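Values in this document were obtained by computation on a predicted structure and should not be read as measured data. The first residue of the sequence shown is numbered 1, and numbering continues consecutively from there. Atoms considered below: every heavy atom in the structure, side chains included; atoms not considered: hydrogens, waters and symmetry mates.
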Amino acid sequence: MPVRTATPPATDVVGLALKVLAAQGLTGPAAHAALVAMAQERGLPVARCAALVVAAVDGRVG
């Protein structure tokens, strides 16, 4: 049976999402603005949108 790890705190998820966006060439403020814009477009809290970004990179979206 696979072991489930605890979900990281929201601040960690946001930080990881910002690192993902920075890896795409965005600077810190631009990455944060992009994350906020994505969350607003989808009607989600920033932390939830960040979690989706991180999950997509980890291949867990589905």
Side-chain angles (χ1 to χ4, degrees):
M1 175 186 297
V3 176
R4 296 191 88 181
T5 58
T7 303
T11 54
D12 291 343
V13 172
V14 171
L16 289 172
L18 292 175
K19 287 182 182 181
V20 168
L21 295 173
Q24 299 299 313
L26 297 174
T27 62
H32 187 266
L35 185 59
V36 169
M38 285 189 282
Q40 288 176 344
E41 287 174 1
R42 290 159 179 78
L44 297 171
V46 173
R48 177 67 181 136
C49 188
L52 292 172
V53 170
V54 172
V57 170
D58 285 344
R60 290 185 272 142
V61 173

| query | What's the shortest heavy-atom distance between A31 and L21, and which atoms? | reply |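 Looks like O-CD1, 3.4 Å.
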| query | What pair of heavy atoms forms the shortest contact from V46 to A39, and how long is it? | reply |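 That closest heavy-atom pairing would be CA-CB, 3.9 Å.
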| remark: side-chain contact (heavy atoms from CB on, under 4.5 Å) filter on A37, not counting sequence neighbours, yields none
| query | In chain order, what residues pass the side-chain contact (heavy atoms from CB on, under 4.5 Å) check against R42, with sequence neighbours excluded? | reply |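 side-chain contact (heavy atoms from CB on, under 4.5 Å) list for R42, sorted by chain: M38, L44.
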| said: With side-chain contact (heavy atoms from CB on, under 4.5 Å) as the test, pick out the partner of L18 among L26, L35, V13. | reply: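 Only match with L18 under side-chain contact (heavy atoms from CB on, under 4.5 Å): L35.
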